[in-house]
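What follows is a set of notes on a single structure, which appears directly below.
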Amino acid sequence: LSFTLTHISPFFILFFVFFLLLPSRSTPLYSSAASDVYKRQSDYSVLNRYKVAHRGSKVAILALGSFFGLGQSVLSLLKEKAGIDATLINPRYITGIDNELMEELKADHQLVITLEDGVLDGGFGEKIARYYGASDMKVLNYGAKKEFVDRYDIQELLRANHLTDELIVEDIRKIIG
């Protein structure tokens, strides 16, 4: 017993709490009406199949994770400012590509943009750009620069990384016209 008490790592404690104790709880750690609806609408039985939330043309917005809301905002603003009814896609998987959907987009889209709530370097957007590399499809990637930030204003950080709906729509209009 004295050996285990002196050699227990913080990882073991987290593992024990999160994987052994919490699954037996009858109530979730967090819950909201939006997350509950999303859980009911999601089918993850087939890997690497993206969910098309809105079908449009010319521009495809792949909005990953917590940036799906930004994608919705870009979709609305793009329609309002440029009259472009874009396609909004929730990739749901960061590790793979929906090859079938990516090929379909080539038929009636000129530009794919990726929005990711992580670092651009080596991220999801680069994977999509690499997929379209040999084609005529243009790809714009949006995410954070690889840097350490401390004590920051979130709005300032978003603007500095071109992660506001206005700046993204402005970039799209420069390319599409």
Side-chain angles (χ1 to χ4, degrees), residues 28-42 44 48-98 101-102 105-106 108-133 135-177:
L29 289 177
Y30 70 91
S31 179
S32 71
S35 67
D36 292 342
V37 168
Y38 185 74
K39 286 176 190 172
R40 286 193 301 270
Q41 293 176 352
S42 298
Y44 297 102
N48 301 325
R49 298 297 264 176
Y50 300 168
K51 182 177 181 181
V52 178
H54 176 79
R55 188 64 142 161
S57 62
K58 290 188 179 179
V59 177
I61 304 164
L62 278 72
L64 186 65
S66 65
F67 272 18
F68 186 77
L70 176 60
Q72 291 172 315
S73 182
V74 169
L75 177 74
S76 298
L77 194 60
L78 192 57
K79 179 125 181 159
E80 177 187 322
K81 299 272 184 180
I84 296 173
D85 185 25
T87 297
L88 178 61
I89 300 168
N90 181 353
R92 302 188 304 172
Y93 297 95
I94 193 168
T95 57
I97 294 178
D98 186 340
L101 179 58
M102 296 296 100
L105 293 177
K106 288 180 180 180
D108 57 355
H109 290 74
Q110 302 166 22
L111 174 66
V112 171
I113 70 164
T114 64
L115 306 174
E116 58 187 296
D117 57 356
V119 175
L120 280 174
D121 294 345
F124 177 76
E126 284 188 0
K127 188 180 303 191
I128 300 301
R130 186 173 55 247
Y131 181 86
Y132 285 120
S135 73
D136 292 332
M137 182 71 75
K138 292 182 173 101
V139 180
L140 290 176
N141 303 128
Y142 293 91
K145 292 178 211 145
K146 188 175 184 177
E147 64 183 348
F148 178 77
V149 291
D150 186 31
R151 296 183 187 109
Y152 59 90
D153 174 354
I154 188 66
Q155 294 306 316
E156 185 178 312
L157 183 68
L158 291 173
R159 278 189 300 280
N161 285 281
H162 244 243
L163 290 169
T164 67
D165 54 0
E166 296 91 3
L167 292 173
I168 294 168
V169 167
E170 185 179 309
D171 290 345
I172 293 169
R173 291 178 76 179
K174 287 177 187 173
I175 290 176
I176 298 294

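All residue numbers refer to positions in the sequence shown, counting from 1. Bear in mind the structure is a predicted one, so any value in this text is a computation, not a measurement. Side chains are part of it too, since the values below use all heavy atoms of this structure and drop only hydrogens, waters and symmetry mates.
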Atom of [X], atom of [Y] and distance for their closest heavy-atom approach:
{"X": "Ala60", "Y": "His109", "result": "N-CD2, 3.5 Å"}
{"X": "Gly96", "Y": "Phe124", "result": "O-CE1, 4.3 Å"}
{"X": "Ala63", "Y": "Pro91", "result": "O-CD, 3.3 Å"}
{"X": "Leu163", "Y": "Ala144", "result": "CD1-N, 4.4 Å"}
{"X": "Met137", "Y": "Tyr132", "result": "CB-CD2, 3.6 Å"}

Given 3.5 Å as the limit, does a donor-acceptor pair link the side chain of [X] with the main chain of [Y], or not?
{"X": "Thr87", "Y": "Gly56", "value": "yes"}
{"X": "Lys127", "Y": "Thr95", "value": "yes"}
{"X": "Arg159", "Y": "Thr164", "value": "no"}
{"X": "Asp121", "Y": "Lys146", "value": "no"}
{"X": "Ser73", "Y": "Gly69", "value": "no"}
{"X": "Glu116", "Y": "Gly125", "value": "yes"}
{"X": "Glu126", "Y": "Gly122", "value": "yes"}
{"X": "Asn161", "Y": "Lys145", "value": "yes"}

Can you confirm whether [X] sits close enough to [Y] that some side-chain heavy atom of one is under 4.5 Å from a side-chain heavy atom of the other?
{"X": "Tyr93", "Y": "Asp98", "answer": "no"}
{"X": "Tyr142", "Y": "Leu70", "answer": "no"}
{"X": "Ile176", "Y": "Lys138", "answer": "no"}
{"X": "Lys81", "Y": "Ile172", "answer": "no"}
{"X": "Tyr50", "Y": "Ile97", "answer": "yes"}
{"X": "Asp85", "Y": "His54", "answer": "yes"}
{"X": "Arg173", "Y": "Val169", "answer": "yes"}
{"X": "Ile168", "Y": "Ile61", "answer": "no"}

(message) Assess the residue pair Tyr131 and Val139 against the criterion (side-chain contact (heavy atoms from CB on, under 4.5 Å)); give the C-alpha distance rounded to whole Å, side-chain angles, the decisive distance to 0.1 Å, and a yes or no.
(response) CA-CA 10 Å; Tyr131 181 86; Val139 180; over 6 Å; no
Using 0.5 Å steps for rounding, measure from the [atom1] atom of [X] to the [atom2] atom of [Y].
{"X": "Asp117", "Y": "Phe68", "atom1": "CG", "atom2": "CZ", "answer": "13.0 Å"}
{"X": "Asn48", "Y": "Arg92", "atom1": "CG", "atom2": "CZ", "answer": "10.0 Å"}
{"X": "Ile175", "Y": "Lys58", "atom1": "CD1", "atom2": "NZ", "answer": "14.0 Å"}
{"X": "Ile128", "Y": "Leu64", "atom1": "CD1", "atom2": "CG", "answer": "9.5 Å"}
{"X": "Ile113", "Y": "Leu140", "atom1": "CD1", "atom2": "CG", "answer": "7.0 Å"}
{"X": "Ile84", "Y": "Leu78", "atom1": "CD1", "atom2": "CG", "answer": "4.5 Å"}

(request) Please test Asp150 against Tyr152 for side-chain contact (heavy atoms from CB on, under 4.5 Å), starting from the C-alpha separation and ending with a verdict. (result) CA-CA 6 Å; Asp150 186 31; Tyr152 59 90; over 6 Å; no
(message) Is it the case that atom CG in Asp153 sees more than 12 heavy atoms from other parts of the structure closer than 6.0 Å?
(response)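 Counting other residues, nucleotides and ligands, CG of Asp153 exceeds 12 neighbours.
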(request) Can you spot which of Leu167, Leu88, Asp165 makes a side-chain contact (heavy atoms from CB on, under 4.5 Å) with Val74? (result)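 The single option meeting the side-chain contact (heavy atoms from CB on, under 4.5 Å) with Val74 is Asp165.
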